[in-house]
Amino acid sequence: MFYRIFPTFEQQLEGIKEQKDKKSYSMERIWKRKDFSIYNLLVDPLNLNNIELDLSDLINEIKEDLNVVKVERKIPSHFMDSKEKFEEFLEEQRKSPFEFKYVWNMHIKSKVRTFSQDDKDYLLLELFLVNNTRDLSKNDKILNLYDRTVFNPIIKINLNKNELVPFKYQYTYDNQLKEYFGELRCLNCQGEFDKENNSIKTTNYVTFDQEKISPKSDVDYADISFKTLSSERGFLELDKIYIKMNEFYENASNFSSDDEIYISELNEFKEMKERFNENIHLLRNNSNAAKAFYLMNETFSNNSKYPTWRLFQIVFIVLQIRDIVETNYQREICELLHVMTGGGKSEAYFGVVIFTAFWDRLNGKEFGISALTKFPLRMLSIQQLQRIANIFIHAEEVRIANNIGGDSFSIAYYVGSQDNEFPSHNFKIINKILTKKEKNEKVKGKIIEKCPLCGGDVFLDIDESQKLVIHKCDSCNKIFRLYYSDDEIYRTLPTFIVSTVDKLAAISYNRRFKNLLGGKLDLCRRGHGFIPHNDKCDVKFASKLSCKETGSECNVDFDIGPTLIIQDEMHLIREGFGTIDSHFESLIETMKSEFSNGVNFKNIVMTATVTGAKTQIKHLYHKETRIFPPALESSDGNNFFFETLKEGNNTINQRQIIGLKQNAYSTMLLLVILRYVSEFIKKVEENLIKFAEDNDFSVGELSKVIPYYKNLLTYHNRKQDVHKMSYNILDLVNSYPSTYNLVPNNLTGDDNLDHIRETINNVTHFQDKEENNDKLSLVSATSIVSHGVDIDAWNIMAFEGMPRNTSEYIQALSRVGRKHFGIVFVLYDYMKIRDVSFYQNFTEYHEILDDKVETVPLARWTKLGFKQTFTSLFCASVLNYMSDLLEKPIYTVEEFNRVFADDENRRLLINFIKRAYISNSDMLGADYFDETIEGEAIERIEYLANYSGSFMNYFPNALKDCSHNKYYKTQFGMRGIQDSIAFCPVNKDLKFRKNIGGK
């Protein structure tokens with residue numbers, strides 16, 4: 001309980017600083033906490049009555065407090081002249097009799113009813129602590145003298161000889177009925193059951209310890225270091241892994257089970273190990289594949305801060321080799337890599353990409369794209385891009401050292417738009433570099449700022465002959481071909497492209513996109529790079545000045561287009577976004593297949609959940625799914641690729657999650673927690689020796705551990721909540737002398753590359769700066785932190801409310817506790833039913849967290865989706881497929897009408913669009929597409945044949961000019977075609993503007 005007491009003279013003086021020249025002052029409101037307990041209440045389940053709580057002893061103790069405020073009175077100003085005068089006033093108040101009665105009123109309410117479970121009847125007992133204290137009106141004299149609220153109530157229940165039967169819950173996961181148990185159901189609290197003493201205790205918070213499960217790396221039966229695997233000896237080590245796989249499989253097979261899921265997992269593991277063995281044989285028998293494998297390992301040996309692969313990584317890489325080496329082998333299967341966040345899945349697919357790049361060069365692919373990886377959002381790919389750039393720079397050094405021919409390995413960031421950060425053309429960047437050079441200044445690197453080879457500073461420079469922006473190290477003078485403008489990507493065909501999903505919509509409005517898929521090429525006669533066959537060079541020297549040179553034919557005998565298409569964060573490809581993307585995915589693969597005599601992509605995807613992933617992949621890519629690694633466990637409960645870490649016999653916990661439900665009194669709970677964390681760290685550092693002695697630490701250990709917890713992270717569902725943190729921190733945390741100051745940084749999807757990179761750098765190196773010794777770093781972020789920021793410096797995190805779905809929650813949780821024990825606070829909003837439900841089921845939810853990941857909703861064959869994408873696929877088919885087939889650019893309305901006056905060209909176009917949509921699929925809904933495509937195509941052809949508007953120079957704009965059909969618009973992303981909504985002021989607003997002089 002809390003009641004009012006007299007302020008000290010200093011407290012009162014502080015409170016009246018702003019109240020000058022008053023005859024009297026209001027008394028400062030100072031509250032005193034009063035803890036109390038009531039024992040030995042008997043609840044008889046068969047004879048229930050409300051039990052009133054006797055609070056008389058509590059109230060008497062409060063009344064005997066000499067400093068209790070008995071009545072609200074003003075303080076005459078002369079009593080504030082000195083401390084002695086103030087004490088005189090208080091003494092007068094102490095002599096006053098009580099003029100009111102405390103009206104706290106509480107009781108224990110109980111209910112009992114029959115509850116059936118597993119065909120048995122039990123008694124269900126419900127207990128409530130009810131606060132009947134009446135609400136006080138504003139006119140009530142005692143309103144400000146005590147608080148009616150009971151804070152932090154705890155109920156302890158001795159069950160005596162009664163037996164507690166747990167509740168059973170059932171749910172479906174992967175078409176399998178599962179169950180779990182929970183002893184208690186709590187409403188506004190949490191409860192713990194002490195089985196040994198047969199008792200229950202309620203709490204006002206709840207904790208859950210997550211065990212540390214880690215991928216295996218230093219296996220004792222095989223040497224999987226980069227160094228060993230970069231030579232022929234490595235194949236013997238791969239053989240040892242295969243032998244161990246056989247032993248594991250035999251062990252698991254000895255466990256007799258009729259469980260369909262277990263049998264399926266057993267078969268999947270068997271299929272995996274046999275593929276692994278086949279690919280080892282392929283490496284031994286194919287010299288180029290072996291060399292590519294050696295060089296990949298050499299690259300990682302030079303680049304990685306670790307000396308070895310994790311077991312699942314090297315197995316996954318080996319499993320992909322035949323699918324890459326043998327054209328179209330199992331390209332109809334999509335590989336799904338599902339590993340916990342922070343487990344190293346990115347390095348696994350990096351390895352596959354590097355192998356593919358070396359394989360391509362060794363087999364005569366002198367230039368062209370080896371792989372393209374896609375992210376759902378631009379900011380999700382930033383850190384991945386930097387890691388990819390670093391490893392490809394090392395791969396290029398290995399290529400040169402081994403005298404492997406072809407173009408230099410290059411990287412591209414394909415997210416370009418009209419903004420200055422990632423422009424469509426590079427002439428503005430070139431002008432900026434030249435302007436800086438005139439002033440003896442430099443432009444820092446865009447993709448990387450530090451050289452991966454020597455650690456020197458990297459700046460932007462110009463390749464004058466090709467009009468390309470390059471990265472160059474200021475120390476070792478190495479040149480790095482890292483491109484980030486659209487025109488550079490189309491004319492250089494980089495080895496590896498990092499893209500957003502939305503950017504692939506460019507195929508529907510840019511006729512140069514076909515270059516990336518293996519379309520026929522010419523070379524600009526002025527040395528600017530590749531251009532589409534019989535087209536003109538598009539390099540811009542200024543906004544209205546282009547090269548416009550025709551090219552010389554470039555005949556090649558190899559596939560220029562990508563072998564690998566990699567999708568990261570596939571669980572974010574959902575709903576309408578996923579439907580639209582699915583149509584572009586099949587369009588791009590169909591076009592690539594047409595350009596390369598039927599060779600398809602090899603698809604690899606990563607996702608936060610395998611729940612419903614096979615259906616999602618079937619709709620996205622129209623392919624079957626193979627999930628890696630298999631989930632099979634041996635008879636002793638072990639997994640082949642992962643292990644639960646232990647210290648002796650004790651399991652190591654990776655993080656502790658603490659659930660707290662906010663109430664009307666704790667709406668600023670997040671800031672209170674941050675303040676307490678800051679106060680605690682400061683107190684420990686100021687009393688290091690004593691704290692170490694009291695808690696059985698060495699001072700050295702403690703000094704080493706504390707910096708791990710000086711980087712704080714808060715997660716918010718709304719951008720406005722992120723921005724509120726910065727200005728609330730100053731008043732509600734940093735203003736307290738007992739705290740270290742928090743240095744705030746914000747991260748949202750609105751931030752650009754430089755800001756995100758700077759924030760990551762600030763967090764990573766915060767403790768390196770001496771001026772930060774008495775400060776804490778705080779990053780407040782939206783969901784961008786779950787995907788686009790990948791660092792291990794955070795070990796304390798707080799969620800302001802529950803994220804929108806479980807997969808997002810899992811991703812966000814994994815930001816902390818990567819290297820060191822993590823502490824996570826989840827603050828549930830008492831006003832949101834969903835948050836309250838998660839709080840009530842906190843323990844059970846976290847015990848089956850992975851099973852609660854929601855199935856990703858995605859439907860390829862929706863009629864609305866077809867309407868949204870048809871014009872885009874129609875335009876893409878003309879601009880990129882038909883123009884390549886007929887070997888001439890088709891983009892003006894005049895040329896379009898000339899081409900499609902020919903019925904044969906109409907037939908070729910319609911048949912291609914049908915293949916692009918896979919309209920001959922046997923999936924439900926495909927028949928609508930097949931029946932509708934021809935009519936929709938003819939309708940647009942005829943519209944353009946009769947068009948005479950203002951956009952004759954570009955037929956997609958002419959289609960967009962159609963006023964009677966909004967679906968004639970071409971998409972510039974995957975977010976759908978939306979109706980335009982016009983906002984205008986109402987009459988009274990117009991009058992107001994006129995009255996204040998507006999127009």
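Residue numbers count from 1 along this sequence.
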Polar side-chain atom of Asn105 near backbone of Thr133 as donor-acceptor pair, under 3.5 Å: no
Expected output: side-chain Asn795 to main-chain Tyr709 donor-acceptor under 3.5 Å: no
Heavy-atom pair with the smallest gap, counting every atom of Gly659 and Tyr839: O-CE1, 3.9 Å
4.5 Å side-chain heavy-atom contact, Leu670 and Thr714: yes
Exercise: do Asn653 and Lys212 side chains pair donor with acceptor under 3.5 Å: no
Flag side-chain contact, heavy atom, 4.5 Å: Leu674 against Leu712: yes
Carboxylate-amine/guanidinium proximity below 4.0 Å for Glu693 and Lys690: no
Salt bridge (Lys or Arg N to Asp or Glu O under 4.0 Å) contacts in which one or both residues fall within residues 731-747, not counting sequence neighbours: none
Check: Asn805 main-chain N/O paired with Glu808 side-chain donor or acceptor under 3.5 Å: no
Test applied, salt bridge (Lys or Arg N to Asp or Glu O under 4.0 Å); reference residue, Glu679; option that passes from Lys683, Lys682, Arg675: Arg675
Trp104 (side chain) donor-acceptor with Asp147 (main chain) under 3.5 angstrom: yes
Backbone N/O of Phe766 and side chain of Asn772: donor-acceptor pair under 3.5 Å: yes
Option passing ring-ring contact (aromatic ring centres under 6.0 Å, His included) with Phe799 (candidates Phe825, Tyr809, Tyr828, Phe838): Tyr809
Side-chain donor or acceptor of Asp194 paired with backbone N/O of Asn197 under 3.5 Å: yes
Heavy-atom side-chain contact between Phe842 and Gln190 under 4.5 Å: yes
Any pair counted as salt bridge (Lys or Arg N to Asp or Glu O under 4.0 Å), so long as it reaches residues 45-63, sequence neighbours left out: Lys34-Glu61
Heavy atoms of other groups near Lys168 NZ, more than 12 under 6.0 Å: yes
Audit row: Glu192, Ile200, side chain to side chain contact (heavy atoms under 4.5 Å, CB included) steps and yes/no: CA-CA 6 Å; Glu192 299 171 352; Ile200 296 168; over 6 Å; no
Lys/Arg N to Asp/Glu carboxylate O, Glu72 vs Arg4, below 4.0 Å: yes
Phe2, CZ: over 12 other non-hydrogen atoms inside 6.0 angstrom: yes
Salt-bridge present (Lys195, Glu183; N to O < 4.0 Å): no
Partner set under salt bridge (Lys or Arg N to Asp or Glu O under 4.0 Å) for Glu685, not counting sequence neighbours: Lys710
Residue pair Thr782 / Thr748, side-chain donor-acceptor N/O under 3.5 Å: no
Distance-only side-chain donor-acceptor flag, Ser678 / Tyr736, under 3.5 Å: no
Determine all donor-acceptor pairs shorter than 3.5 Å in which one atom belongs to a side chain in residues 158-165; sequence neighbours excluded.
residue : atom : partner : partner atom : Å
Asn158  : OD1  : Asn160  : N            : 2.9
Asn162  : ND2  : Leu159  : O            : 3.0

Any side-chain heavy-atom pair of Leu124 and Val112 under 4.5 Å: no
Worked check of side-chain hydrogen bond (donor to acceptor under 3.5 Å, both in side chains) between Gln840 and Arg185: CA-CA 7 Å; Gln840 291 171 348; Arg185 290 178 180 174; over 6 Å; no
Tyr740 and Ile681, any side-chain heavy atoms less than 4.5 Å apart: yes
CA sep, side-chain torsions, deciding dist, call: Arg718, Glu800, salt bridge (Lys or Arg N to Asp or Glu O under 4.0 Å): CA-CA 10 Å; Arg718 303 183 306 170; Glu800 187 180 25; over 6 Å; no
Check: Gln654 side chain, Gly817 main-chain N or O, donor-acceptor pair, under 3.5 Å: yes
Over-ring placement of Lys852 relative to Tyr171, 6.0 Å and 45° cut-offs: yes
Heavy-atom pair with the smallest gap, counting every atom of Gly191 and Leu184: C-CD1, 3.5 Å
Audit row: Met797, Ile823, side chain to side chain contact (heavy atoms under 4.5 Å, CB included) steps and yes/no: CA-CA 6 Å; Met797 180 182 189; Ile823 302 167; over 6 Å; no
Whether Asp118 side chain and Lys120 backbone form a donor-acceptor pair below 3.5 Å: no
CG on Leu730 to OG on Ser735, rounded to 0.5 Å: 7.0 Å
Check: Tyr3/Asp65 side-chain N/O donor and acceptor closer than 3.5 Å: yes
Leu177 atom CG, over 12 foreign heavy atoms within 6.0 Å: yes
Full working for side chain to side chain contact (heavy atoms under 4.5 Å, CB included) between Leu41 and Ile38: CA-CA 8 Å; Leu41 303 177; Ile38 299 172; 4.2 Å; yes
Check against ring pair (Phe, Tyr, Trp, His ring centres under 6.0 Å), Phe79 and Phe86: CA-CA 5 Å; Phe79 282 111; Phe86 183 69; 8.7 Å; no
Side chain proximity check, Asn717 to Asp721, heavy atoms < 4.5 angstrom: no
Atom pairs and distances, side-chain donor-acceptor, residues 201-210, under 3.5 Å, sequence neighbours left out:
residue : atom : partner : partner atom : Å
Thr202  : OG1  : Ile155  : N            : 2.8
Thr203  : OG1  : Tyr205  : O            : 2.7
Asn204  : ND2  : Asn152  : OD1          : 2.5
Asn204  : ND2  : Pro153  : O            : 3.1
Asp209  : OD1  : Gln656  : NE2          : 2.9
Gln210  : OE1  : Arg655  : NH1          : 2.7

Under 3.5 Å donor-acceptor, Thr8 side chain and Gln11 backbone: yes
Within-4.5 Å side-chain heavy-atom neighbours: Tyr830 and Asn188: no
Residues in salt bridge (Lys or Arg N to Asp or Glu O under 4.0 Å) contact with Lys719, at least two apart in sequence or another chain: Asp750
Test item: Phe115 and Phe167 side chains (from C-beta on) under 4.5 Å apart, heavy atoms: yes
Pair Asn745-Ser780, side-chain donor/acceptor within less than 3.5 Å: no
Which atom of Met802 lies closest to which atom of Arg834, heavy atoms considered: O-NH1, 3.6 Å
Near-ring test Phe680/Phe691, centroid separation under 6.0 angstrom: yes
Nearest atoms (heavy-atom pairs only) where Val71 meets Leu145: CA-CD1, 4.0 Å
Val824/Ile658 under side chain to side chain contact (heavy atoms under 4.5 Å, CB included): CA gap, chis, key distance, verdict: CA-CA 6 Å; Val824 181; Ile658 303 164; over 6 Å; no
Expected output: side-chain Arg73 to main-chain Met27 donor-acceptor under 3.5 Å: no
